Each structure stands twice: as structure tokens, then as C-alpha cells.
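Structure first, then comments.
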Amino acid sequence: MPFKIATWNINSVRLRLPIVQRFLEEHQPDVLCLQETKCPDDQFPYSGFRKLGYGHIEIHGQKGYHGVATISRRPLEVVERRSFCGLIDCRHLSTLVDVDGRRVLLHNFYVPAGGDEPDPEINPKFRHKLDFLQEMREVRPAGEANTGSILVGDLNVAPLETDVWSHKQMLNVVSHTPVETEGLETVREGGGWVDVMRQHIPPEEKLFTWWSYRARDWVLSNRGRRLDHIWSSADLASALGRIEVLRDARGWDRPSDHVPVIAGFG
DNA sequence: ATGGTGGTCATACCA
């Protein structure tokens with residue numbers, strides 16, 4: 001410690017490489033967890049990260065869809081590339097990083113978006129999302145006393161009323177339906193995970209990490225959602241220094257629809 | 001109720 005970790009759904013790592021590099025240069029996290037890399041493993045742009053000092057890169061990617069990557073200045077060890085719901089989708093990667101003698105287990109997640117119709121009976125993508133959240137309950141902080149745990153990623157659920165622009169108007173919209181918000185809270189509470197973004201920023205305050213590409217003017221309408229999350233084990237949560245949601249990145253050149261979230265521990 | 005934009009990969013599919 002100190003240890004700085006960031007998470008960002010970048011919606012194509014190859015197309016977005018210039019702004020990811022800009023982010024790394026300006027914010028210098030120890031570890032960056034990416035989601036929606038949309039990149040086969042043999043085409044991952046390793047050198048673009050290595051030349052910035054991020055020489056430790058572990059990936060779990062596939063052609064066209066999904067894909068996660070964990071990019072680090074400190075040595076990393078892969079723990080697991082886990083498949084969920086019996087599918088080959090690349091949506092998870094866990095790694096172990098040594099932070100000045102203390103071990104930190106990092107889970108990098110990309111939870112299914114769930115399609116448009118919030119009814120598992122008629123929408124298989126929503127069924128898949130609910131099943132995925134159910135299976136995620138098995139993911140808990142490491143049991144060892146000398147190992148802290150962090151879970152980050154695009155969880156595609158905005159759990160609190162203030163995590164969406166309008167709770168009332170979003171109640172039947174995928175990402176904020178009760179079955180999803182309760183499902184995600186069960187995962188978090190069951191594991192004893194702490195929502196460190198909300199530990200730092202009071203739940204009364206609106207907080208978004210994603211703004212749709214489809215808005216005419218995302219700043220003016222500000223119809224955002226908090227879909228990206230950083231959770232930690234209780235021991236690490238007590239060492240939380242700061243949280244930053246890099247809203248500015250939504251206005252960068254050829255942006256992702258998600259912005260980076262950074263947590264500093266220790 | 002509809003379509004709005006942006007990604008992959010070359011056609012629809014996904015977000």
C-alpha cells in the first residue's frame with residue numbers, strides 16, 4: 001500500500017487505445033481492469049500498454065464480443081478465468097497482485113447487459129443475466145488473513161435509487177428493475193463486499209458512470225446510470241483513501257459510453 | 001410507441 005485501482009468498460013480496446021493511454025498517463029493507477037475489450041487474445045495491443053510501464057497484462061478475450069483485461073505495473077498472477085452459466089463468454093478474470101508484501105485478489109467482471117425486455121420468460125438475455133447474478137453469489141473475498149480482495153467491473157446494474165437519473169422512470173428498465181438490484185445486493189451482502197464508491201460518496205447523492213450514446217446531448221439530458229462498481233473486502237474498505245469517477249472522459253475524443261472509476265487504498 | 005448512436009465484422013447482432 002498505497003494501491004490505486006481503476007475499472008473501465010472501454011467498448012473495444014483497439015479502437016480506444018489512445019484514450020486508454022491518455023488515462024494511464026494522467027492517472028497512473030497500479031492496476032486497470034478493462035471490460036468489453038472486443039478483442040481476440042492474439043490481437044491484444046500489448047505493446048501500447050508495455051511502453052507506458054504496464055508490463056503485466058492478463059487477458060480473457062474473444063472475437064467481437066465481451067472480453068476483460070487486467071493491466072498492471074506490478075507483477076500479476078492469474079487465479080482463474082471463470083465461465084458462468086455454462087457459456088464460453090469471456091466475462092471474468094481473477095488475478096493476484098502483490099502490493100508491498102500484502103496480497104490482493106482482484107476480480108474483474110463484465111456482467112451480461114440483459115437485453116431490452118425485463119422478463120426472463122420471454123427474453124433469454126435477461127434470464128442469462130439473472131442466472132449470472134445468481135452464480136456470482138459464489139464469488140467471495142479470499143479467506144486467507146493476509147489477502148485482501150477487490151471486485152470491480154461493469155456489473156450492468158444500478159442498485160440504488162440515486163444510481164439512475166430517475167428511479168421511478170427506470171423501475172421497469174433493464175439495469176434497475178427490483179429483481180436485478182436485489183440480485184446484485186444479495187451478491188454483495190452475501191460475500192460481505194463493501195460498495196466503496198458509496199462508502200465515499202453518500203447514497204443521497206446521484207452518481208453515474210455511464211451515459212448512453214443515443215442521447216442528443218448527454219451533458220444536457222444527464223440521463224446516466226451507475227453501472228460500474230468497485231467492491232472490496234472489509235479490511236481493505238477501512239483503508240480506502242479516495243474514489244474518483246472520471247466524468248470528463250465521457251467527453252473525450254471518440255469516447256466509451258462508460259467512464260473510468262478509480263479507488264485509492266492505503 | 002419509436003428510434004436514437006456506436007462497436008464488431010462484413011450481417012446482423014449486441015450494447
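Naming: A, B, ... by sequence-line order, numbering from 1 per chain. Fair warning: this is a prediction, and the values are worked out from it, not measured in the lab. Excluded from the calculations below are hydrogen atoms, water molecules and symmetry mates; all remaining heavy atoms, backbone and side chain alike, are included.
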Notebook entry, point to check: So, are A/R74 and A/D100 salt-bridged, with charged N and O less than 4.0 Å apart?
Noted result: yes

Next item on the list: Classify the ring geometry between A/W252 and A/W8 as parallel (under 30°), tilted (30 to 60°) or perpendicular (over 60°).
Entry: perpendicular

Item checked: Plane angle bin for A/H27 and A/F23 - parallel if under 30°, tilted between 30 and 60°, otherwise perpendicular -> parallel

Check: For atom C1', what is the distance between B/dA15 and B/dG4, given to the nearest Å?
Finding: 13 Å

Checklist line | Pairwise P distance for B/dG6 and B/dT2, with rounding to whole Å | finding: 23 Å

Next item on the list: Hey, could you give me each pair passing side chain to side chain donor-acceptor pair (under 3.5 Å) that has a residue in residues 111-123 of chain A? Not counting sequence neighbours.
Entry: none

Notebook entry, point to check: How is A/R254 classified with respect to the nucleic acid when contacts are heavy atoms under 4.0 Å: base, sugar-phosphate, or nothing?
Noted result: sugar-phosphate

Notebook entry, point to check: A/R223 near the nucleic acid: base, sugar-phosphate alone, or nothing, with a heavy-atom cut-off under 4.0 Å?
Noted result: nothing

Checklist line | Pairing partner (Watson-Crick or G-U wobble, both distances under 3.5 angstrom) of B/dT2 | finding: none

Item checked: Watson-Crick or G-U counterpart of B/dC13, or none if no pair lies under 3.5 Å -> B/dG7

Calculate the interatomic distance between [X] atom [atom1] and [N] atom [atom2]; express it in whole Å.
| X | N | atom1 | atom2 | value |
| --- | --- | --- | --- | --- |
| A/N11 | B/dT8 | CG | C1' | 9 Å |
| A/L155 | B/dA15 | CG | C1' | 16 Å |
| A/E36 | B/dT8 | CD | C1' | 11 Å |
| A/W8 | B/dA15 | CH2 | C1' | 17 Å |
| A/W218 | B/dG6 | CH2 | C1' | 16 Å |
| A/D116 | B/dA1 | CG | C1' | 14 Å |
| A/I10 | B/dG7 | CD1 | P | 11 Å |
| A/D154 | B/dG7 | CG | C1' | 14 Å |

Item checked: Heavy atoms from other residues, nucleotides or ligands near CG of A/D253 exceed 12 (cutoff 6.0 Å) -> no

Notebook entry, point to check: If you count the non-hydrogen atoms of other residues, nucleotides and ligands that lie under 6.0 Å from CD in A/E161, is the total more than 12?
Noted result: no

Check: Mapping A/P112 and A/R16 to their closest nucleotides on DNA chain B, which lands nearer the 5' end?
Finding: A/R16

Item checked: A/A215 vs A/G115, nearer the 5' end of DNA chain B by closest nucleotide -> A/A215

Checklist line | Non-hydrogen atoms of A/V194 and A/R188 that approach each other most closely | finding: CA-NH1, 4.4 Å

Give me the distances for all protein-to-nucleotides 12-14 of chain B N/O pairs that come in under 3.5 Å?
residue : atom : partner : partner atom : Å
B/dC14  : OP2  : A/K125  : NZ           : 3.4

